[in-house]
Amino acid sequence: MGTLAYVAYVVTTTLVTRCIAAAGQRATVVAGGLLAVAGTIVIALAHGPALLAIGVASAGLVQPPFADAVDRLPATVRARTLATISCGTGWGVAIAAPIAIAAAEAWRSAFLGFAVCATASTLFAAFVLPGPRTRNRTLDKSAPTGPPARGHSAPRPGRAVLPMFAGALLIGLGSAPFWTFAVDAVRAAGLDQTAGRALLGVAGVTSLLASGAADVIRRLGATWTFVLCALLEAAAIATVGLAANHVVAVMVAAAVFGAAYNTIVNVTVLWGTRLYPDQPSAGSAAAVKVQAIGLLCGPLIGGSVAEAIGLTATLLGGAAIVLAAALFAPRTDVIQNASE
């Protein structure tokens, strides 16, 4: 089921640029929001794996269009806003995890409540996002008036995009063992189910710290921000693998992971928007898609490794892959315009 969510991300982020070009930012986000509402309701009503699978595979269109929408803002505000938007999943996990623990057997009612929240946010997005005319002015700043450009196909930055792809892919591959196996490792080590749920909740809460990614980049530079977050994330994943039976160590590791992982994702998204300056949503979608490919392949590879040599080795392997991602850290000057 988790894999289906990543498959949906890969498919929708592949299509999102065409959707924006054809229908605009607002229509794309509204369509994505309505899919999320429908999917959440389907999950709440599901009584078998088929309907549950349909409900899970309902995400991916919402985030990238905001990269175009915020492109009109001043540089510093734009970077902070985009980082906050990229932390949307963290806000969701931070709120949903305590609800999931409290709801227990009443989880269907919780999902119906989530559907109401998705409806409200979709309506708000429909109100605040620009329409097609504003979109065309944003994409073609040299021609603020006149007919819309045809196609708006994603620009191709050539070889400059390869390090971003490599870094995003490795971050996805290396992070997947945490998202997929950390709870299993904690339970196998003797901690109870509540501790497993709390682990993900802690990671969600601390991921909100990544909203300050633009300010961190401005102080440390993109290179050191990326490398430092890769080191911290790798250390957190390894800690869960080596000390899964120590609840304090696991919770501290989850907190570090949430902040580091989401910050490095934000760096990658900002990096993508700078590589595609004429259509930031294409860069954001490219970064999210490549990382989703890593998250998609990670559990498949990790499952085989876990079956052969255990969960600890799987988590340590994930930590090593995240460390390798640091080799592809962006040059500070590549995305300095996004944060200064």
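What you are looking at is a predicted structure, and each value in this text was computed from that prediction instead of being measured. Side chains included, hydrogens not; waters and symmetry mates left out as well; all remaining heavy atoms used.
Remark: the backbone N or O of A306 is paired with a side-chain donor or acceptor of T314 at under 3.5 angstrom. No donor-acceptor distance shorter than 3.5 angstrom exists from the side chain of T180 to the backbone of P177, with no hydrogens or angles considered. Judged purely by atom type and a 3.5 angstrom limit, R108 uses its side chain to pair as donor or acceptor with the backbone of A46. Remark: side-chain polar atoms of T223 are paired, donor with acceptor, to backbone N or O of P330 under 3.5 angstrom. Side-chain atoms of S284 do not come within 3.5 Å of backbone N or O of P280 as any donor-acceptor pair. A donor-acceptor pair under 3.5 Å is absent between the side-chain atoms of S207 and the main chain of N262, judged by distance alone. Distance alone, capped at 3.5 Å, is enough to place a donor-acceptor pair between the S211 side chain and the L208 backbone. A side-chain donor-acceptor contact under 3.5 Å links N266 to the backbone of A210.
Side-chain contact between L316 and L242 is present, with at least one heavy-atom pair separated by less than 4.5 Å. Residues I43 and F114 are not in side-chain contact: their nearest non-hydrogen atoms beyond the backbone lie 4.5 Å or more apart. Contact annotation: the side chain of L123 never approaches that of F127 to less than 4.5 Å [non-hydrogen atoms, C-beta and beyond]. For the pair T206 and V256, the minimum side-chain heavy-atom distance is 4.5 Å or more. Between W271 and V161, every side-chain heavy-atom pair lies at or beyond the 4.5 Å cut-off.
The minimum heavy-atom distance between A243 and V250, with the atom names listed, is O-CG2, 3.4 Å. Considering all non-hydrogen atoms of both residues, I237 and L315 come closest at CG2-O, 3.1 Å. Smallest separation of non-hydrogen atoms from V322 and S175: CG2-N, 4.0 Å. In this structure, A253 and A236 approach most closely via the heavy-atom pair O-CB, 3.2 Å. A326 and A230 get closest at one heavy-atom pair: CB-CB, 4.0 Å. Heavy atoms only, all atoms of each residue included: A44 and W107 are closest at CA-CZ3, 4.5 Å.
Taking the ring centroids of W179 and Y261, they lie under the 6.0 Å cut-off.
Between S109 atom OG and I99 atom CD1 the span is 12.0 Å, to the nearest 0.5 Å. Taken to the nearest 0.5 Å, the CZ atom of F165 stands 13.5 Å off from the CG atom of L170. The CG atom of L270 lies 10.5 Å from the OG1 atom of T225; values are rounded to the nearest 0.5 Å. If you take OH on Y276 and CE on M164, they are separated by 5.5 Å, rounding to the nearest 0.5 Å. Distance check, rounded to the nearest 0.5 Å: CD of E233 to CG of L323 gives 9.5 Å. In this structure, I264 CD1 and I171 CD1 are separated by 3.5 Å, a value rounded to the nearest 0.5 Å.
Put simply, V11 and L296 are part of the same group of oily side chains (I, L, V, M, F, W, Y) that touch within less than 4.5 Å, one to the next. In the hydrophobic clustering of ILVMFWY residues, with side-chain heavy atoms under 4.5 Å counting as a link, F181 and V305 come out apart. In the hydrophobic clustering of ILVMFWY residues, with side-chain heavy atoms under 4.5 Å counting as a link, V116 and F124 come out apart. Hydrophobic clustering places I293 together with F328 (ILVMFWY residues linked when any side-chain heavy atoms are closer than 4.5 Å, directly or through intermediates). In the hydrophobic clustering of ILVMFWY residues, with side-chain heavy atoms under 4.5 Å counting as a link, V202 and F257 come out together.
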- Task: Would you check, one step at a time, whether the test side-chain hydrogen bond (donor to acceptor under 3.5 Å, both in side chains) holds for T268 with Q291?
- Result: CA-CA 9 Å; T268 306; Q291 186 194 1; over 6 Å; no
- Message: One pair to check against side chain to side chain contact (heavy atoms under 4.5 Å, CB included): L45 and L51. What are the steps and the verdict?
- Response: CA-CA 8 Å; L45 300 177; L51 274 181; 5.9 Å; no
- Task: Walk me through it: do C297 and L173 pass the test side chain to side chain contact (heavy atoms under 4.5 Å, CB included)?
- Result: CA-CA 7 Å; C297 296; L173 280 171; 3.9 Å; yes
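Residue W224 places its CH2 atom among 12 or fewer non-hydrogen atoms of other residues, nucleotides or ligands, all under 6.0 Å distant.
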